[in-house]
Asker: 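Before I ask anything, here is the structure I am working with.
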Amino acid sequence: MHSVPLARNKFMKSTILTIGLLALSLAQGCSKLSIPTETAPPETAKEFWPQWRGPLATGVAPEANPASEWSETKNVKWKIKTPGFGTSTPIIWGDRVFILTAIATGKKSESKKIAPPVEETTLLGAARRQGGGFRSEVPDEAYQFVVLCLDRNTGKTLWQKVAREQVPHEGHHKDHGFASASPVTDGEHLIVSFGSRGLYCYDLNGKLIWEKDLGDLQTRMSFGEGASPALHGDTVVMNWDHEGEDDFIIALNKRTGKELWRMPRKDATTWSTPLIVEHGGKAQVVVNATEKVISYDLATGKEIWSTTGQTVNVIPSPVTDGKVVYAMSGFRGAMVQAIQLGHTGDLTGTDAILWSHNKSTPYVPSPLLVDGLLYFVSGNNGQLSCFDTRTGEAHFEAERLEGIFGIYASPVSAKDRVYVLGREGACLILKKGPTLEILATNKLDDKTDASIAVVGKQLFIRGHQNLYCIEEK
């Protein structure tokens, strides 16, 4: 889905970074999903796709039964060309679809500049002297950062709002963009993050309620921004990890934008979206990051627990079944940790880590959690694993997916199926379960890095050029 000199030397610098950041992706499903009532969203929300990773924040659409076959000429209810560019996953509420995009205006400012090199003393600096690494161009053109509301049944634009127009202060990775964070809604408020370009709250008719400028992020290697806002009750949470000195996590009142609390953090750039989970009658915010996975009390911001063990450049969002949090990352190493809720303090090396695994974990895509099964890809490759959430044993590991060569989108599930979308428009439909069984292979002409959103009988697939609504006819 989300850079300049690497301040603070917070982790080992890499020699060559190849990140196609952040097609940020969504859903888990099945009416038999065993998740405690206290963590389940309201019944209405479960019908829709109100946030990144769907109504349960697991990749599951619990009440959906979408098509399993499509092409450019089959089961496309509508297809529209989207203005600008973005890799954020759409969200859906009622008959409305919301997407974010960044539209180049053609208005030039200064001439293009190259992001300053990393200090020559670092490994990355040495790689650059040898011609390796990644150098991001600082934009010289203003962009409009736009919220689009579409009619779910026709694709017609209902309203379009420019949240801000400005020249971005830094660039992004070639596979990334300026609109990678997914919005979130409770059916009344629409919370939208453009990162360094501001946090906004609209009503569902496009009226601006409040806005908040949190400053400028300095992302690692100018790879870009991507963490989405999280919403629980009246509280909006944003994580603000970057290469600057002012890392923090912040909670705001969704109705007014008033700051409720802000806690300092010390971590490198994080593209992972916070997970809010209720346990024991208390809501907590879990943030996956390089230095530590940390849980904060949603009401106060005070730290509840933490554990070390993840890799650098953390992108995948954690998932939970209400009792255990599953956090993973997969750049310059691999790690998945099953962290039991209900503990406090430093959990590193304790029995609270029920199991862990250090192979075949994802770099960009987030995992899918459904019916005691944890699905995740290996790196950004067309290889899929399925683990038993209770034991940590692999049902299958790093199995090659025929016809899928690269993946940024996160897998999703609906009914008895799992949907795995590749970067070139191919989507494999798998039978949900402990064995790898392919039911269908579908292909669209567009490139596809954003994750699928699933509502009712419809799938929403955002390509680089087009947004598709797939529905069986």
Side-chain angles (χ1 to χ4, degrees), residues 1-2 22-26 48-53 78 80-105 142-168 172 176-214 217 224-231 236-238 252 254-257 273 449-451 453 455 460-469:
M1 173 174 115
H2 99 64
L22 293 162
L24 295 124
S25 338
L26 318 128
F48 304 126
W49 198 267
Q51 62 183 347
W52 163 243
R53 301 306 290 144
W78 51 260
I80 63 161
K81 184 174 178 59
T82 52
F85 181 76
T87 55
S88 65
T89 295
I91 67 166
I92 298 94
W93 190 277
D95 288 332
R96 299 189 175 197
V97 180
F98 302 94
I99 64 170
L100 307 186
T101 188
I103 302 173
T105 65
Y143 284 77
Q144 290 185 338
F145 297 89
V146 172
V147 187
L148 277 171
C149 175
L150 309 175
D151 184 288
R152 175 179 157 191
N153 295 307
T154 65
K156 178 183 177 182
T157 299
L158 299 179
W159 54 263
Q160 178 172 329
K161 300 292 181 180
V162 178
R164 186 179 296 187
E165 181 178 312
Q166 73 176 57
V167 179
H172 57 75
H176 194 23
F178 291 121
S180 295
S182 293
V184 59
T185 185
D186 59 2
E188 181 182 358
H189 303 82
L190 178 70
I191 309 298
V192 170
S193 175
F194 285 108
S196 298
R197 273 66 63 179
L199 182 68
Y200 302 85
C201 177
Y202 296 88
D203 68 18
L204 298 199
N205 293 317
K207 178 183 177 181
L208 181 64
I209 301 173
W210 55 263
E211 61 181 285
K212 183 88 169 180
D213 191 332
L214 298 177
L217 288 162
E225 307 171 14
S228 301
L231 176 63
V236 179
V237 177
M238 279 294 300
L252 307 168
K254 74 175 180 184
R255 302 183 185 280
T256 64
T273 295
D449 288 337
S451 300
V455 176
F460 296 86
I461 301 177
R462 181 178 190 173
H464 283 203
Q465 303 294 327
N466 306 290
L467 177 64
Y468 297 81
C469 176

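Every heavy atom of this structure was used, including side-chain atoms; hydrogens, water molecules and symmetry mates were not.
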Asker: For a side chain to side chain contact (heavy atoms under 4.5 Å, CB included) check, start with the C-alpha distance between Phe178 and Ile103, then their side-chain angles and the critical distance, and finish with the verdict.
Answerer: CA-CA 9 Å; Phe178 291 121; Ile103 302 173; over 6 Å; no

Asker: Test your reading of the model: is there a side-chain donor-acceptor pair from Arg462 to the backbone of Ala450, 3.5 Å cut-off?
Answerer: no

Asker: Checking side chain to side chain contact (heavy atoms under 4.5 Å, CB included) for the pair Trp78/Leu467: CA distance, chi angles, key distance, verdict?
Answerer: CA-CA 8 Å; Trp78 51 260; Leu467 177 64; 3.8 Å; yes

Asker: Do you know which two heavy atoms are closest between Lys212 and Leu214, and how far apart they sit?
Answerer: CG-CD2, 3.7 Å

Asker: Are the side chain of Ser182 and the backbone N or O of Ser228 linked by a donor-acceptor pair below 3.5 Å?
Answerer: no

Asker: Could you list all the salt bridge (charged side-chain N to carboxylate O under 4.0 Å, His left out) pairs where at least one residue sits in residues 145-163, not counting sequence neighbours?
Answerer: none

Asker: Checking Thr101 side chain against Phe85 main chain: does a donor-acceptor pair fall under 3.5 Å?
Answerer: yes

Asker: Using every non-hydrogen atom in the two residues, find where Ala181 and Leu100 come nearest and quote the distance to one decimal.
Answerer: O-CD1, 3.1 Å

Asker: What's the shortest heavy-atom distance between Leu150 and Gly155, and which atoms?
Answerer: CD2-O, 3.9 Å

Asker: How are the rings of Tyr143 and Phe145 set to each other: parallel, tilted or perpendicular (split at 30° and 60°)?
Answerer: tilted

Asker: Closest approach of Leu217 and Ser196, non-hydrogen atoms and distance?
Answerer: N-OG, 2.8 Å

Asker: Residues two or more places apart in sequence or in another chain: which of them pass salt bridge (charged side-chain N to carboxylate O under 4.0 Å, His left out) with Glu211?
Answerer: none

Asker: Only distances under 3.5 Å count here; give the side-chain donor-acceptor pairs of residues 90-99 to other protein atoms, sequence neighbours excluded, each with its distance to 0.1 Å.
Answerer:
{"unit_1": "Arg96", "atom_1": "NH1", "unit_2": "Leu204", "atom_2": "O", "d": "2.4"}
{"unit_1": "Arg96", "atom_1": "NH1", "unit_2": "Asn205", "atom_2": "OD1", "d": "3.1"}
{"unit_1": "Arg96", "atom_1": "NH2", "unit_2": "Asn205", "atom_2": "OD1", "d": "3.3"}

Asker: Write down the atom of Gly198, the atom of Arg164, and the distance for their closest heavy-atom approach.
Answerer: CA-NH2, 4.1 Å

Asker: Distance from Cys469 atom SG to Ile80 atom CD1, nearest 0.5 Å?
Answerer: 10.0 Å

Asker: Is it the case that the side chain of Thr157 and the backbone of Trp159 share a donor-acceptor pair, with hydrogens and angles ignored and the cut-off at 3.5 Å?
Answerer: no

Asker: What verdict does the side chain to side chain contact (heavy atoms under 4.5 Å, CB included) test give for Phe194 and Val147, after you've listed the backbone C-alpha separation in whole Å, the side-chain angles of each residue and the deciding distance to 0.1 Å?
Answerer: CA-CA 10 Å; Phe194 285 108; Val147 187; 4.1 Å; yes

Asker: Closest approach of Leu199 and Pro229, non-hydrogen atoms and distance?
Answerer: CD1-CB, 4.4 Å

Asker: Find the distance between NE2 (His464) and OG1 (Thr87) and round it off to the nearest 0.5 Å.
Answerer: 7.5 Å

Asker: Using the side chain to side chain contact (heavy atoms under 4.5 Å, CB included) rule, take Leu231 and Gln51 through it: C-alpha gap first, then chi angles, then the decisive distance, then the call.
Answerer: CA-CA 9 Å; Leu231 176 63; Gln51 62 183 347; 5.8 Å; no

